[in-house]
Amino acid sequence: MPTPPSWWSDLAAHLAEHRHPIYAAALVATTARLILTTTACDPTTLLAHARNDAPELAGALTDFFRTHGHLTPPPELTAQRAAARRARRIQAVPAPLRPQAQGFADFLVLQRERAPQLGLRPNQLKTIEIRLDAIRDLALHLHAEGHRNWASVTTAHLECFLSRTTARRASRLAGLRQFFAYAHHTRVVLHDPTSPITALQQRGFHGTTLTLAEQRALYQRWATNQDIHPHEAFIGLAALLHAATITELRLLTDTGIDPHRQSVQFPGRSVVRVGGGVSVEHRHLSVSGTGPVTRWLALTDGAHLVLT
């Protein structure tokens, strides 16, 4: 292959990790032949050729391109799938309570569409589905108790429903507040039964943390031991010193590394200075010398530093 596509190394690594070695080698060879035959390197075009000329490639290539962000579904397809998911949730609501649930779903979608015009951040489609999940589950609970309309719902009924899943109380209550505010505005109910209900939420991180001694030991391991694999050293220091998330590390590419400025830019953040006149611990993330970033880049041909 005269000039391999930019994603070629990532494809080989992905297949080696997720497929049997013999099958992975066959897929790589078949993909190479398809590229040489069609001269197509664009993921969408290559997939179209694969479906016609090499159907055995279609599934593996689709999985790779979607996993690595090379194949984004068109907006209209995303909207159609979201609408189908909403329809399934509405259909699961008992018939006597369904019209108001349908109206609430339409209201959420309209609110999402109008948000940019009002200078607001629109709700994610997933958020809308979470709200509809809460209403569907509440409707099933109420219908089982003999309710045939929303006007008969009281605060006691909602407390009984929320007590069934205490871990999701705050999330579900947010959906119920939004629904009954809509129902009150449209005169489906005379008052909002969620008003007296509260859901206390703990703020901040409450998971297990390392002691200072353990953190110092890990820092010494990652910052001074040249025998440590650069993947471990970079991920460890990025998480320990800069609180880098898994998503930020997965999206970090070689374009975020600036050897001249000795800096690393995590996606969604401002540039983090890691060289020059900063504290000594940051220089261990340096992109020059024997720092883990330099050693990592020397081991990979792909654009992403973390391959999943």
Side-chain angles (χ1 to χ4, degrees), residues 1 3-25 27-28 31-32 63-65 67-70 204-308:
M1 195 184 308
T3 306
S6 59
W7 43 262
W8 183 254
S9 298
D10 293 342
L11 172 65
H14 178 85
L15 292 176
E17 181 178 356
H18 294 88
R19 307 281 174 161
H20 187 279
I22 296 177
Y23 185 40
L27 289 175
V28 169
T31 304
D63 176 59
F64 164 72
F65 287 140
T67 301
H68 288 74
H70 298 296
F205 179 73
H206 297 277
T208 304
T209 58
L210 300 176
T211 65
L212 289 178
E214 291 171 330
Q215 294 180 45
R216 292 190 184 100
L218 288 174
Y219 172 76
Q220 290 297 324
R221 169 184 172 85
W222 293 328
T224 62
N225 191 342
Q226 294 297 312
D227 295 329
I228 296 298
H229 195 282
H231 290 187
E232 177 189 339
F234 178 75
I235 291 176
L237 288 172
L240 182 65
L241 300 178
H242 300 291
T245 65
I246 294 297
T247 300
E248 288 174 334
L249 290 169
R250 285 183 62 248
L251 296 179
L252 181 63
T253 64
D254 52 8
T255 58
I257 310 298
D258 189 342
H260 301 291
R261 298 179 64 188
Q262 294 194 4
S263 65
V264 176
Q265 181 178 13
F266 293 105
R269 296 193 190 184
S270 58
V271 174
V272 178
R273 298 290 297 182
V274 293
V278 298
S279 58
V280 65
E281 65 266 25
H282 287 196
R283 286 200 295 273
H284 289 297
L285 281 177
S286 176
V287 295
S288 62
T290 58
V293 174
T294 300
R295 293 192 289 130
W296 190 331
L297 291 175
L299 293 179
T300 180
D301 296 326
H304 289 79
L305 269 70
V306 178
L307 300 178
T308 58

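Treat the numbers as computed from the prediction; the structure is a model and nothing was measured.
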Could you state the interatomic distance from CZ (Phe65) to NE2 (His14), rounded to the nearest 0.5 Å?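 Here the interatomic distance stands at 10.0 Å.
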For the atom pair CZ (Phe64) and CG (Leu27), what is the distance rounded to the nearest 0.5 Å?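 Interatomic distance, Phe64 CZ to Leu27 CG, rounded to 0.5 Å: 12.5 Å.
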Short side-chain to backbone donor-acceptor contact, Glu232 and His229, under 3.5 Å: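 No.
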Could you tell me which non-hydrogen atom of Ile228 sits nearest to which non-hydrogen atom of Ala233, and how far apart they are?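 Heavy atoms only, the tightest pair is CG2-N, 4.1 Å.
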Specify the closest pair of heavy atoms between Asn225 and Asp227, including all atoms of both residues, with the distance to one decimal.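 That would be OD1-N, 2.9 Å.
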Side-chain heavy-atom pair Val28, Trp8 within 4.5 angstrom cut-off: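 Yes. Closest side-chain heavy atoms under 4.5 Å.
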Quick one, Leu237 and Tyr219 - any side-chain contact, counting heavy atoms below 4.5 Å?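 Sidechains of Tyr219 and Leu237: in contact.
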Counting neighbours of CD1 on Ile246 that are heavy atoms of other residues, nucleotides or ligands and sit closer than 6.0 Å, is the number greater than 12?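 Atom CD1 in Ile246 is not packed in, count stays at 12 or less.
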Qualifying residues under side-chain contact (heavy atoms from CB on, under 4.5 Å), relative to Leu212, sequence neighbours excluded: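 With neighbours one apart ignored, the set is Gln215, Arg216.
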Listed partners of Ala24 passing side-chain contact (heavy atoms from CB on, under 4.5 Å), at least two apart: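 Per chain and number, Ala24 pairs via side-chain contact (heavy atoms from CB on, under 4.5 Å) with Leu15, Arg19.
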